[in-house]
Amino acid sequence: MSRKYIIIIAFLSLITLHALALDVRNTAGMLSQNVKDLDVTSLTVTGTINASDLYFISGNLHLLTSLDLSGVEVTSCTTTERHYLQQIFAANELPVACLADMGLTSVKLPSGLLTIGRAAFAGCDKLTEITLPANLDSIADFAFAGCESIKAVTIPAKVETVGCGAFMRCSALTDFTVESSSHLRRLDAAALMDCPSLTNVSLGASIRSLGERSLAGTGLKTLDLSGNKNLAELGDWVMVETPVTKVVLPASVTSLGDGAFLYDKSLASIRLSDKLTTLNDYLLAGTGLTGTLSISGTESMGDYVMYNADKLSVVELPATLTWLGTRAMAGMTGMKALTSNAVEVPALGSNVWAGVKQSRIPLTVPEESKELYQAANQWKNFMLDDAGWVLGDVNGDGEVNIADVNAIVSIILGHPADDDWMRRADVNEDGEVNVADINADIAIILGVKMMNAEVNTDDLLQLDDLSIMPGEQRTLGVKLNRAQRYNALQCDIVLPNGLTLVKAEAVKDHVSETCQMDAATSRTMTYSPRKQMFGNGEDEVVLYITVRAEATLESESHLTLTNIVLSDNDNVAWHLADCVARVTSTSGVNDLMTNTARVWTEGRYLCVDCRDAGVAQVASINGVTRDLSLDAGVNRYAMEPGFYVVVVDGKSYKIAIK
């Protein structure tokens, strides 16, 4: 090949390459005149454009992958040709389907853009990134539907509504976030439907409504909306076909749509607002809810509301209930106990408990209403002659706790028990009392909402104050100051933000079980399969707690042991006062001695060590409050025996004087 031909080929190649990337200074309506090569792959436009220019791009530039409109202003126009039945187009708006089904991989939008119109980018399945301009205030229906390659979306603060199906079927989308100080009030129907990779959703403080199916088919495993204090409504089928395991709703929620969590088999726990006067049809049908579900404030429960929720073992219906719909609790084969707090017997639809062995399930009702329930159709089929009986409450004290596990252990080890104890000890109802019933009772305890029982012993748990560095892991010994001996312990461990429970371990001759109750609380229980007592010392360690500090740990906070229950060899439950320890985040130079005050007891004396003079407020358990003057250094005050709350420098300390 001659040199002349090589030069010609190279020249033509340069022309071709130049044509692939094009910069255009445009006047609205003239883009078709300014772009002659329709094979352009990268286009940057400055100046002004209108709807005609945008429809020219989608209708003609079929090889375009990169589009930069950041330097343009979108002007209004009236076209001679109808586009999707429309001829008049507003300024600062991407019109309906203007860039739909294109092979775009990246787009930069005009900074002055206010509206992304209906289906503007629908079907752009290669689009991997999109930055929405700060002034944007509206995202219309199906705007980005089917954009299968977008991985993250941040919604600008001025946007109030995300339209119907706006991001549906965005299969690669993992994060959907609204900016701080967001005005977003509503996700319309199906807004994020069928986004299976979506695991992180942040909706902002202004969100009020989640539309029908708006989160259906997502990959969300946890839906914690407790911080969304303005949220009032979740629409029909909102979380259908998701792997969600836990749902926390704010107290502001007043409406949950039909089938909101229908057949979410992984859903093990949900916290319902007491403002929900109606639980709609199919709301929790087929879910994997376990343990106890307590409902309050509800007046009406719809048809099939808990149909086939076969892992729920205990259900407590509210005093306000007047109606329970057709097959509302049918197929709940795992139910072990039912409570109705309604004095007037709630009316029923048909076959409310179809498939449930009602004759084997104790029904607890108000004493004055027992005869009414015994005479009422469907209700009378329950075990009403044992109205006070609670599944797993082996010792019959009205609570299910570590003392009942102790009681089962006693029976297995051959200690005598009457017929009532034997019946209540067969927790899994297989006709035998064995280790499976221990496991079943533990499962109930680790899933039940504990009530604040009245303290009935002066014995105390003690936990030293903790000074810990970010990233550090520490093991704490929980000590027992006691007057009598025990062999089993149960308590809730409540940690401050930034402190994580690594594990809770039993002492020698004991075993332990721990369950995460919520983000801050873990429940732990420890017992002896051989009924071994805890050690002989007055301050022996009965539990080891290992925690890890994160950078988010506040400089000073508290670790609390609450709902504390000890059990003795007679299987009696003893309830202790809360145990509170101060937690200080330290750099390694500072420690707890640098804190403003330390509070402890020495016999009958309350001790307060403070750096500066001041005043302590002391409140006794009967509500009497008095002030104590504090000098710099250690102060000691003689106190009458009892439980007190001491407030120093705005911080509270619970103490017991014996």
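Throughout, residue positions are numbered sequentially from 1 according to the sequence presented. This is a predicted model, so every value here is computed, not measured.
- The side-chain heavy atoms of Tyr84 and Pro95, taken from C-beta on, include no pair separated by under 4.5 Å.
- Around CD of Gln87, the count of heavy atoms belonging to other residues, nucleotides or ligands within 6.0 Å exceeds 12.
- Tested against Glu316, the residues Asn341, Thr339, Thr292 include a single side-chain hydrogen bond (donor to acceptor under 3.5 Å, both in side chains) partner, Asn341.
- By the 4.5 Å heavy-atom criterion applied to side chains, Leu109 and Ile116 are counted as neighbours.
- When side chains are defined from C-beta on, Thr154 counts as touching Glu179, because their heavy atoms get closer than 4.5 Å.
- Residues Met102 and Leu67 have side chains not in contact (no heavy-atom distance under 4.5 Å, counting atoms from C-beta outward).
- Judged by distance alone, the side chain of Asn26 and the main-chain N or O of Leu31 form a donor-acceptor pair under 3.5 Å.
- Between Phe167 and Phe176, the ring planes are perpendicular. Angles over 60° get that label, and only those under 30° would be called parallel.
- Asp68 places no side-chain N or O within donor-acceptor distance of the main-chain N or O of Val45, the cut-off being under 3.5 Å.
- Within the 4.5 Å cutoff, the side chain of Ile445 has no heavy atoms near those of the Glu513 side chain.
- Among residues at least two apart or in separate chains, salt bridge (Lys or Arg N to Asp or Glu O under 4.0 Å) pairs with a member in residues 184-193 are Arg186-Asp188.
- You'll find the side chain of Leu54 reaches within 4.5 Å of the side chain of Leu69, heavy atoms only.
- Within the 3.5 Å criterion, the main-chain N or O of Gly217 finds no donor-acceptor partner in the side chain of Glu241.
- Remark: of the listed residues Asp303, Val305, Thr326, Asp303 is the sole one forming a side chain to side chain contact (heavy atoms under 4.5 Å, CB included) with Asp281.
- The shortest side-chain heavy-atom distance between Asn34 and Phe56 does not fall under the 4.5 Å cut-off.
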Checking side-chain hydrogen bond (donor to acceptor under 3.5 Å, both in side chains) for the pair Thr222/Asp224: CA distance, chi angles, key distance, verdict? CA-CA 6 Å; Thr222 299; Asp224 187 351; over 6 Å; no

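- Judged purely by atom type and a 3.5 angstrom limit, Thr322 uses its side chain to pair as donor or acceptor with the backbone of Glu299.
- By the 30° and 60° cut-offs, the orientation of the rings of Trp379 relative to Phe382 is tilted.
- Two residues are said to be in side-chain contact when any heavy atoms from C-beta on lie closer than 4.5 Å; Leu210 and Leu225 meet this criterion.
- Asn280 places a side-chain N or O within donor-acceptor distance of the main-chain N or O of Leu256, the cut-off being under 3.5 Å.
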